[in-house]
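First up is the structure itself, then whatever we jot down about it.
Quick note: residue numbers are just sequence positions, from 1.
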Amino acid sequence: MEGDCLSCMKYLMFLFNFFIFLGGACLLGLGIWVIVDPTGFREIVAANPLLFTGAYIMLAMGAMLFLLGFLGCCGAIRENKCLLLFFFMFILLIFLAELSAAILAFIFRENLTREFFTKELKKHYQRNNDTDVFSSTWNSVMITFACCGVNGPEDFEAIPHLPHSSEKAIPEACCQRELQSREGMFVNKEECLKGNEKFQNRQGCYTVILNSFETYVYLAGALAIGVLAIELFAMIFAMCLFRGIQ
């Protein structure tokens, strides 16, 4: 009976580690996609130090989970106590790190409000100055998502305008394009900058991006909870299998 229980534990351990292996592979692939994606995200990520760091953290976490899942599978099938102990210690460290990151994200979520982004835009944005990292990032976001400002074109009324333009002139990034990329041709740039709303993107980026990523945010949250649960069960099975191996 004890042998059957140990055998069952071994295969359950293998199954959980296989899911960790797949999760690590998905994170690794997602991190690579975010960095090399040619549709605009690469430029945004490269221009923003926080996103740039986050993408590489995702890569590192994916690679680590990929390796640990592989080691856990090997340790379970071969009943190697050294590999199982090594797996348990590292999966515990990753579990605690992920749990801490989730708690910090929940605590600092108020920094991602509409008011926060509006204040930062009015304080740091320099319109068409693409040598400025902040401005270049915002221009890329507005072009990619066909939006303007955080709430709309009115956000730029308090920002110094270009010489020989109206006081309410919006940046070029808010003008409609035939293709939503920096290489895309303007529909009518002159009329747009004169204030003709027909040729402007009038919707704020906060709403557009929130609607675009709302589904993915919930999916990411569910995936994170699932990964934490799998890691917890994997640690339990690893320790039980470790104690059961003679």
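Rounding to the nearest 0.5 Å places CZ of F21 at 10.0 Å from CG of L67. Interatomic distance, M142 CE to L121 CG, rounded to the nearest 0.5 Å: 7.0 Å. Rounding to the nearest 0.5 angstrom, the gap separating the CZ atom in F14 from the CZ atom in F19 is 10.5 Å. Once rounded to the nearest 0.5 Å, the distance linking SG of C82 with CZ of F87 reads 14.0 Å. Going from atom CH2 of W138 over to atom CD1 of I143 covers 13.0 Å, rounded to the nearest 0.5 Å. The distance from atom CZ of F156 to atom CG of N151, rounded to the nearest 0.5 Å, is 10.0 Å.
Connection of M64 to L85 is established within a shared hydrophobic cluster, with ILVMFWY side chains joined at heavy-atom distances below 4.5 Å, either directly or through further cluster members. Both M89 and L232 belong to a single network of hydrophobic side chains, linked directly or stepwise wherever heavy atoms of I, L, V, M, F, W or Y lie under 4.5 Å apart. Under the 4.5 Å side-chain contact rule for hydrophobic residues, L96 and F86 share a cluster. In this structure, L92 is a member of the same hydrophobic cluster as M239, with clusters built from ILVMFWY side-chain heavy atoms closer than 4.5 Å. V208 and L179 fall into different hydrophobic clusters, defined by Ile, Leu, Val, Met, Phe, Trp and Tyr side-chain heavy atoms under 4.5 Å apart, directly or through other members.
For the residue pair H124 and D132, the shortest heavy atom distance occurs at O-OD2, 4.0 Å. For the residue pair M235 and F95, the shortest heavy atom distance occurs at CE-CG, 3.9 Å. In terms of heavy atoms, F199 sits closest to V187 at CD2-CG1, 3.7 Å. Pairing each heavy atom of P153 with each of C148, the nearest pair is CA-SG, 3.7 Å. Residues A63 and L28 share a closest heavy-atom pair of N-CD1, 3.7 Å. Here the shortest heavy-atom pairing between A173 and N201 reads O-ND2, 4.3 Å.
For the side chain to side chain contact (heavy atoms under 4.5 Å, CB included) with F117, the lone residue among D155, V150, I209 that qualifies is V150.
When side chains are defined from C-beta on, F66 does not count as touching L27, because their heavy atoms never get closer than 4.5 Å.
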Check: How far apart are the C-alpha atoms of C192 and I170, what are their side-chain angles, what is the distance that settles it, and do they pass the side chain to side chain contact (heavy atoms under 4.5 Å, CB included) test?
Finding: CA-CA 8 Å; C192 169; I170 63 173; 3.8 Å; yes
Margin query: Assess the residue pair F134 and E120 against the criterion (side chain to side chain contact (heavy atoms under 4.5 Å, CB included)); give the C-alpha distance rounded to whole Å, side-chain angles, the decisive distance to 0.1 Å, and a yes or no.
Written below: CA-CA 10 Å; F134 185 89; E120 290 296 300; 4.2 Å; yes
Item checked: side chain to side chain contact (heavy atoms under 4.5 Å, CB included) between N139 and Y125, intermediate numbers included -> CA-CA 9 Å; N139 288 336; Y125 186 68; 2.4 Å; yes
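Crowding of F90 atom CZ: a count of heavy atoms from other residues, nucleotides or ligands under 6.0 Å not exceeding 12. F186 CZ: more than 12 foreign heavy atoms inside a 6.0 Å radius.
Note on K198 versus E191: no salt bridge recorded, every NZ/NE/NH1/NH2 to OD/OE distance being 4.0 Å or above.
Of the possible polar contacts, one joining the Q176 side chain to the Q200 backbone as a donor-acceptor pair under 3.5 Å is found.
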